[in-house]
Amino acid sequence: MAGDWQPDFEQLIDEHQSMVFSLALRMTGDRGLAEEIAQDVFLELDRHLGKIESPLHALLWLRRVAMSRSADALRRRRVRGIDQWVEIDETHGARGEERPSPLADRVERLLATVPEPQRAALVLRYQEDLTPEEIAAALGAPLATVKSHLQRGLKLLRAKAAIHLKEYVRGA
Amino acid sequence: MEPEPIDEFERELQAALARRPAPPHLKRNIMERRRQQGGRSRRMIWLERLAASLILAAVASGAAFWHHEVEQRRGEEARQQVFTALRIANHALEQMNAQLAERNRNAQ
């Protein structure tokens, strides 16, 4: 029963760290920054733990705050004039077993070239398998805007993949 | 509502964007920062209590001082009123005295 649920902070980290880290990584393209964002998001969750009512609430909260903090981090980087995805070649501290496949790596690079609002919609659609309605709720954006971002982002990504990922992508 | 069918490209995109495992030290770092922040927030609570006590003491002292000042001013006003009353009474007595002296002179 949702009313009886008691949040266990460590368990929530175990369950959702991969999601939070991956969202931040795909949005920022920087492992170090993504780790920092993931830490901040979980510490913020810890401060709000009393208001979390159910496992689903925790998941939705973490998803929404991870996207929001990633957008904040990107804004700060733009203000400081730091170029995005500068560290992707070094995979910044990633150990051998964490390295993505060559295709995933190249898709992530292509995704990084897509405008931020479209990228956010695409990451939530294809990483988190969310519907446009769920994406709209997670981003706090109108449904029509999300649908437009998804369409445009996918079209742009398709066009880029057709040029850069010919050897991998059959459907591009 | 029926979900929209996804094509081959979207399927490949989905596969490429599968969640990545978080770094193994992420949880440890979060727990460490949580411990540090817990210590810091306990210190903050004590500092806040100290600040609140100082403010309370300052307000109480101010109120006591203001009360003392008001009482002193009231006392001074009362003293002045008594002096004024005495002056008026003295003036009236002097007038009566003068009138009596005048009558005495006339009677003689």
Side-chain angles (χ1 to χ4, degrees), chain A residues 9-10 13-14 16-26 31-32 34-36 38-43 45-47 92-95 97-108 110-111 122-129 131-133 150 154 157-158 161-162 165 168-172, chain B residues 1-70:
Chain A
F9 184 58
E10 288 199 45
I13 298 177
D14 289 335
H16 300 299
Q17 58 178 345
S18 165
M19 174 197 67
V20 172
F21 173 72
S22 301
L23 287 175
L25 179 64
R26 258 101 197 213
R31 274 188 76 85
E35 277 188 48
E36 207 177 296
Q39 288 182 24
D40 291 345
V41 169
F42 279 107
L43 290 171
L45 173 72
D46 186 33
R47 289 193 293 275
H92 195 75
R95 297 194 318 196
E97 66 271 21
E98 294 166 17
R99 282 180 190 279
S101 69
L103 173 61
D105 186 38
R106 292 182 70 176
V107 168
E108 282 183 346
L110 283 186
L111 191 65
L122 289 174
V123 168
L124 288 172
R125 177 77 186 94
Y126 296 103
Q127 181 192 297
E128 294 301 307
D129 201 21
T131 62
E133 288 80 5
L150 278 172
L154 196 58
L157 206 56
R158 243 186 246 276
L165 300 178
Y168 294 108
V169 181
R170 292 184 299 278
Chain B
M1 200 173 74
E2 280 287 305
E4 286 179 25
I6 61 170
D7 62 23
E8 182 69 15
F9 175 71
E10 288 180 276
R11 255 192 295 279
E12 299 204 21
L13 189 58
Q14 214 160 28
L17 291 184
R19 285 180 188 171
R20 295 263 204 100
H25 53 266
L26 181 67
K27 183 179 174 184
R28 198 182 56 232
N29 290 348
I30 292 168
M31 298 310 286
E32 182 56 36
R33 278 182 63 187
R34 187 195 197 206
R35 263 190 297 280
Q36 287 171 0
Q37 287 190 356
R40 201 160 40 235
S41 52
R42 270 193 294 280
R43 274 200 303 278
M44 282 301 292
I45 288 168
W46 279 109
L47 280 175
E48 280 169 10
R49 283 181 183 169
L50 181 66
S53 305
L54 289 174
I55 290 168
L56 206 63
V59 169
S61 307
F65 179 73
W66 179 77
H67 183 70
H68 178 255
E69 284 288 298
V70 167

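In this text, all values refer to a predicted model and were calculated from it rather than measured experimentally. Note on naming: letters A, B, ... go to the chains in the order of the sequence lines (proteins, then strands), and numbering restarts at 1 for each one.
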Self-check item: Contacting region of A:L110 [heavy-atom separation from chain B under 4.5 Å]
Solution: neither
Quiz item: Roughly how far, to the nearest 0.5 Å, is the CD atom of B:E10 from the CZ atom of A:R125?
Solution: 6.5 Å
Quiz item: Atom NZ in B:K27, atom CZ in A:F9: separation rounded to 0.5 Å?
Solution: 9.5 Å
Quiz item: Does some side-chain heavy atom of B:R19 sit less than 4.5 Å from a side-chain heavy atom of A:L23?
Solution: no
Quiz item: What residue, out of A:V20, A:L122, A:L157, has the most heavy-atom pairs lying under 4.5 Å from chain B?
Solution: A:L157
Exercise. State, yes or no, whether a side-chain contact exists between A:I13 and B:R34 at a heavy-atom distance under 4.5 Å.
Key: no
Quiz prompt | Non-hydrogen atoms of A:A161 and B:F9 that approach each other most closely | solution = CB-CE1, 3.6 Å
Quiz prompt | Contact origin within A:E10 toward chain B - heavy atom pairs under 4.5 Å | solution = both
Exercise. Provide the closest heavy-atom pair for A:A38 versus B:I30 in the form atom of the first, atom of the second, distance.
Key: O-CD1, 4.4 Å
Quiz prompt | A:S18 side-chain N/O to B:R20 backbone N/O, donor-acceptor pair under 3.5 Å | solution = yes
Quiz prompt | Considering all heavy atoms, the nearest A:R26-B:L17 contact | solution = NH1-O, 3.1 Å
Practice problem: Measure the CG-CD distance between B:L26 and A:E36 for me, rounded to the nearest 0.5 Å. | Solution: 11.5 Å
Quiz item: Are A:D46 and B:R33 ion-paired here, with the side-chain N under 4.0 Å from a carboxylate O?
Solution: no
